[in-house]
Protein chains: 2
Amino acid sequence: MPDAIPAFKRHSPDQSRNGEILAEMPAYDLIELLFFAYRDFVSDPDRILGEYGFGRAHHRVLHFVSRQPGLTIAELLDILRITKQSLNRVLKELIEKGFIESRTGTADRRQRLLFATPQGHDLALKLAKLQTRRIMRALADAEPAAKEAVSRYLLCLIDPDDREHVKRLVFGPGKT
Amino acid sequence: MPDAIPAFKRHSPDQSRNGEILAEMPAYDLIELLFFAYRDFVSDPDRILGEYGFGRAHHRVLHFVSRQPGLTIAELLDILRITKQSLNRVLKELIEKGFIESRTGTADRRQRLLFATPQGHDLALKLAKLQTRRIMRALADAEPAAKEAVSRYLLCLIDPDDREHVKRLVFGPGKT
DNA sequence: TGAGATATGTCAACAAGGCTGACATAAAAT
DNA sequence: ATTTTATGTCAGCCTTGTTGACATATCTCA
C-alpha cells in the first residue's frame, strides 16, 4: 500500500487527515502493557513479604517511610491516597513488629514522624533491590535515552496537580 | 566538583569504578514513578464504573473480553492471574447486567467463549478513551520516539515467559 | 466403548485491604 | 478560651482476592 500523500502525513496517529478528530482511537497497547507490567512488577516482593506476615499494603508504607525518614501521617496518607483507618491497620503492625518507629514531632507535637528501624530499612532495601533487578533487566536492552523517556512519560501520567509534589519526593527536594 | 577521571566514567550508574559491583543502587525513581502513575491511571474509570455498580475488577474483565472477542475462561484467568472463583463473581455480574455474553464453544463444547454485548463494548470503549486521554497528554510533550521506548520498557518489565503471549495479545496475532 | 483428563461452575469460609461514620485526645492557632 | 488540626480508635461493611471441596459436561485416548 502506498504512503499517504506527504502533505497529509501526521506524527500523531490519531488526527490523520488534517487534524480532523477521528473519535480518538484508544491506546490499547499502552493501556494493556501498563497493566501487565504492573501486575508482574508488584508481585515480585510477595514471597518475601509473606515470610514476615506482611502484604503489599505493608510494603508501600514501609517503602515510603524508609525513603522519607520523618514522614508524617498526613503526608503518607496523601501519597497512598487511602484513609487513615486503612493506613493505621498496616502501620500498627509495622510498628509492633519493629519495622517502623513513630516519634512525636518536635516543631509540632501533634504530628507523628515516622522512621524505619534498621530492620525496616533492611527489608525495604531488599524489596527495592528485587524490583530494581526487574527494572535493570528491562533497561538493559534499551537505548541510553530510554530511561529518561520512560521517566518523563510516567511522570506525565500523574495528575498534574500532584506532579510537582511527586517530583520533589522522587528526585529529592533539591533537584529540578 | 570536578568530573571523574574520564577513563573511569561509565554509562551505567551502578557499576562506577571499572564495573565493580556496588551492591546495586535501587532505582527509586522508576519504582516510585510507576506507583504514582498507576495509582492515578487506574483511578480514572472509578466514577463511571461506580454508576453501574462495578469496580476495577469488573473493568479488567470487561476490557479484555471486549478486546478479545471469543476469549475463553482459561485464557482470561491466565491474563488476570486470579482464581476462577474470583473471576466468576465479577463475570457473573457482568453477564447478568448484560455487558458480557457467554457462548458455548463450537470446536470444544466444554469451553465458554466470552463476548462483550453492544452495551459492553460501549462501556469498555468509554473507559479506554478516558485512559487514553491521560496517555495522550503524557505523550504529547514527549519526542516521537518516546512511545516506542515506553512500550519496549513496559514489555520488558513483564515476566519473560509471558512476554510473547502478551505481545500477541496486545499487538495482535499477526504482527511481529 | 469406557476411563480418565479437562473446562467450567458453584458453595462455603476466610483474608487483605479498601471504605464510612462516630468519637476521643492533645496540641496548636486564633 | 475557643476552635481547629493531627492523630488514634472502634465498629461495621464492601470489594476482591484466597483455599478446598465437589458437580457436570465434554473431550481424548487406550
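Since the model is a prediction, treat every value here as computed from it, not as a measurement.
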Under a 4.0 Å threshold between the charged nitrogen and the carboxylate oxygen, would [Y] count as salt-bridged to [X]?
| X | Y | answer |
| --- | --- | --- |
| E96(A) | K92(A) | no |
| R81(B) | D162(B) | yes |
| D141(B) | R152(A) | no |
| D159(B) | R134(A) | yes |

Next item on the list: Mind calculating the distance between CD (E75(B)) and C1' (dA7(C)) to the nearest angstrom?
Entry: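 So the two atoms are 12 Å apart, to the nearest Å.
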
Checklist line | Distance in angstrom units between L114(B) CG and dT8(C) P, rounded | finding: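 Result: 8 Å.
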
Next item on the list: State whether H58(A) places a side-chain N or O below 4.0 Å from either non-bridging phosphate oxygen (OP1 or OP2) of dA16(C).
Entry: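 No, no such contact exists.
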
Check: First and last nucleotide of DNA chain D touching chain A, 5' to 3', heavy-atom cut-off 4.0 Å?
Finding: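 On DNA chain D, the outermost contacted nucleotides are dT5(D) to dC10(D).
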
Next item on the list: Please find out if less than 6.0 Å separates the ring center of Y153(B) from that of Y153(A).
Entry: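 No, the ring centres sit 6.0 Å or more apart.
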
Margin query: Would R67(B) pass as a cation-pi partner of Y28(A), given that its NZ or CZ must be under 6.0 Å from the six-membered ring centre and within 45 degrees of the axis?
Written below: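 Satisfied, under 6.0 Å and within 45°.
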
Item checked: Stacked cation flag R103(B) on F115(B), 6.0 angstrom / 45 deg ->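 Cation-pi check for R103(B) and F115(B): passes.
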
Note to self: Test of understanding: clusters of I, L, V, M, F, W, Y form through side-chain heavy atoms closer than 4.5 Å, transitively. Do L87(B) and F36(A) belong to the same one?
What the structure shows: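 L87(B) and F36(A): one cluster.
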
Next item on the list: For a side chain to side chain contact (heavy atoms under 4.5 Å, CB included) with L30(B), tell me which candidate from I135(A), T132(A), V170(A) qualifies.
Entry: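 Only match with L30(B) under side chain to side chain contact (heavy atoms under 4.5 Å, CB included): I135(A).
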
Notebook entry, point to check: Is there a ring pair (Phe, Tyr, Trp, His ring centres under 6.0 Å) between Y38(A) and F41(B) once you walk through the steps?
Noted result: CA-CA 12 Å; Y38(A) 194 80; F41(B) 181 75; over 10 Å; no

Next item on the list: With a 4.0 Å heavy-atom cut-off, tell me which residues in residues 77-95 of chain B come close to DNA chain D, sorted by residue number.
Entry: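 R81(B), I82(B), T83(B), Q85(B), S86(B), R89(B), in order of number.
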
Notebook entry, point to check: Quick one: what's the B/S/- string for nucleotides 25-30 of chain C, heavy-atom cutoff under 4.0 Å, read 5' to 3'?
Noted result: --BS--

